[in-house]
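These values consider heavy atoms only, across backbone and side chains, with no hydrogens, waters or symmetry-generated copies. All figures in this text were calculated on a predicted structure; none of them were measured in a lab. All chains are named by letter (A, B, ...) in the order of the sequence lines, taking the proteins before the strands, and each is independently numbered beginning at 1.
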Amino acid sequence: MKLARTVTLAGIVLGAGALAAGFAPDAAAVWYAAIGLVALLWLAAHWRGWGWATSTAFVLLVALAATGVLLGHPPLWMAAAVTLGMTGWALGGYVRRLAALPNVEDADGRARSFTLRLLALDAVALVLAAFALRVELRLTLALAVLLGALFIAGLSRVIAVLRRASV
Amino acid sequence: MRRLPLLALLAYGLTFGALFALNGELLVLAIPLVLLAGAGLLFGPEPLDVQAERRLDRERAGEGTPIHVTLTVTNNGGRLEDVLVEDAPPTGVPVLEGHTSLLTTLGAGESAVLEYTVQPGRGSFAFGEVRVTAEDRGGLFRRRTSLQPAGASELVMLPDVLRVRRIDIRPRQTRIFAGTIPARVGGPGVEFFGVRGYEPADSPRHINWRASARHPGTLYTNEFQQERIADVGLILDARERVNVERGGASLFEYGVRATAALAESFLHDGNRVGLLLYGHLLDYTSPGYSRLQRERILRALARARPGESQVFDNLRYLPTRFFPPKSQIVLVSPLTSDDPDFLIYLRARGYELLVISPNPVTFEQRLLPATPQVEMAARLARVERALLFRRLHRAGVRLVDWDVDEPFERVVATQLARQPAFTRPMGYLR
């Protein structure tokens, strides 16, 4: 599981690094401090095995990335931060789960295959993000209505899932 | 919070933010999140269709025997990339070797085998349901089921049975079948019983020539005591208030082993033996003979646990109708100061009463630090116990004060294998 642990740490550090790089050109120090705090919280949570804290740190990272986009910073850096952070979050969770179980068949192989799958997913996500940033679509009324309907239908599904999860 | 709702909330938050702020670049941030959810959906588990079978190398064994458990789970559905199989061994039973859970991959039609060894103490143990959880590696989609496996689900660990010497009992009433207990009736036997006038059917070998010589013209014959089997009612006192438990050691366990040894001995001699566990409830094993009865009694003893009940707090609610009149009752109990009244009452009803009393004072004293206070308390408790014993002794109750550090076999050999010197009526004062 050495590879998985390394990639998890790299995902956290590089995700925070990509975020900082995205904010780099003309950002106030408070953003760097916030990014640093999130990275520290995440690393500490990863070290201590606090699942809830890693999820919190991931949410904060996505929120910072979204803020960065809204403030006009380069969206590709922000997408990279979210992608790498997501890798750290998903892989960290899996490694913790494997470590917590007393009897796992081929734990190293499982962790390795999931790492490779996530890295492939990262590559696809970054390519898609780069492609999406180059494409410009005219939002017609019909397309807007379609997207809105999809959004509402999806939201109702999310609420249903959340209700089931809370029972 | 579960991972899927968190991921969905983030993705929808970004989408909503993008729509609200009219900023399409925000949507880009949702791409990796949606891809991760899609991968989870792609590699996630299908509906579970599994079956399980559990095998024990023994379903009945002596306490402390290692039991090997084999659980086989077969997947009849689609491929399960990460499936966690968790068996539920009985609570409090230590696992000696192996694991009770396994994370593995199960293709369609494949089986996973889980093996472990448990070492339960005395008791009757039920295995729980097997839990099967399939999940994608991102922890987003999960399917879980619990199933009752085919095969064994219960394990009985019988108490250790000590082999003891024949216990000498003399109930006032015996049954009609030949056995080993002197029946207080003349007839064929071994032990001399008396002399009576010769009758034509008597064997000439039993003529008492000395007595006949003193009375010319009359022949006398020796008569022997008939030996028969008897009804023996074993009572194990399972009241929590008489039990002493400290540091994992329990006086009750000694009582259980002693009762098992007594049952074995009495049944071996051909007697009709019943058992009553008197504690939280009345657990009664009706009297019987032979190896089947031995098994019934041992299983009842395996289940025995000390318990509290307001009704059965005192021995006076002990149902005497379970035991035939004038039969032998053997009570295994540490005894309390409330108990003698009822035991004297039993004697008055004609029961022959033998009390095996594991000594709680010496047992507890050994588990406590040797301080002057403990020594003083032990002395007082010993005096109280001696008075209680004297009272019962005077009522004709046969008593054995058993220091549990002494092996029960030795106690039986020294105190129970002989005919007691006294058979006094109730109320006789020395």
(Q) Ring-plane angle category for A/H73 and A/F23, please: parallel below 30°, perpendicular beyond 60°, tilted otherwise. (A)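 Plane angle between 30° and 60°, so tilted.
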Are any non-hydrogen side-chain atoms of [X] and [Y] less than 4.5 angstrom apart?
X	Y	result
A/L64	A/W31	yes
B/P66	B/E97	no
B/E86	B/H99	no

**Q.** A/R112 atom CZ: more than 12 heavy-atom contacts under 6.0 Å
**A.**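 Atom CZ in A/R112 is not crowded, with 12 or fewer foreign heavy atoms closer than 6.0 Å.
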Q. With distance as the sole test, does B/N75 use its side chain to make a donor-acceptor pair with the main-chain N or O of B/L106 at under 3.5 Å?
A.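 Yes; judged by distance alone, with no hydrogens or angles, the pair exists.
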(Q) I'd like to know if the side chain of B/D283 and the backbone of B/L277 have a donor-acceptor N/O pair within less than 3.5 Å. (A)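 The answer is no, because no donor-acceptor pair under 3.5 Å joins these two groups.
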Q. What residue in A/E105, A/R117, A/R97, A/M78 has the most heavy-atom pairs under 4.5 Å with chain B?
A.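 That would be A/R117.
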Please classify the contact of [X] with chain B as side chain, backbone, both or neither, using a heavy-atom distance under 4.5 Å.
X	result
A/L70	both
A/L101	side chain
A/L118	side chain

Heavy-atom proximity to chain A below 4.5 Å, by part of [X]:
X	answer
B/F43	side chain
B/L102	both
B/L10	side chain

**Q.** chain A interface, residue from B/L27, B/L33, B/L7, B/L4 that has the most non-hydrogen pairs under 4.5 Å
**A.**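 Winner by heavy-atom pair count: B/L33.
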Q: Go through B/L114, B/L36, B/V34, B/L140 and name the one with the most non-hydrogen pairs under 4.5 angstrom from chain A.
A: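 Most pairs with chain A among the choices: B/L36.
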Q | Close approach to chain B in residues 82-95 of chain A, criterion heavy atom under 4.5 Å | A |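 Checking residues 82-95 of chain A against chain B gives A/V82, A/T83, A/M86, A/W89, A/A90, A/G93, A/Y94.
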**Q.** Single hit among B/V83, B/L84, B/T133 for side-chain contact (heavy atoms from CB on, under 4.5 Å) with B/L103
**A.**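 Checked B/V83, B/L84, B/T133 against B/L103; only one passes side-chain contact (heavy atoms from CB on, under 4.5 Å): B/L84.
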Q. Just by distance, with hydrogens left out, do B/T105 and A/R110 show a side-chain donor and acceptor under 3.5 Å apart?
A.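 Yes, side-chain donor-acceptor contact under 3.5 Å.
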Q: Please check if any side-chain donor atom of B/R131 sits under 3.5 Å from a side-chain acceptor atom of B/S146, or the reverse.
A: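 Checked: B/R131/B/S146 side chains show no N/O donor-acceptor pair below 3.5 Å.
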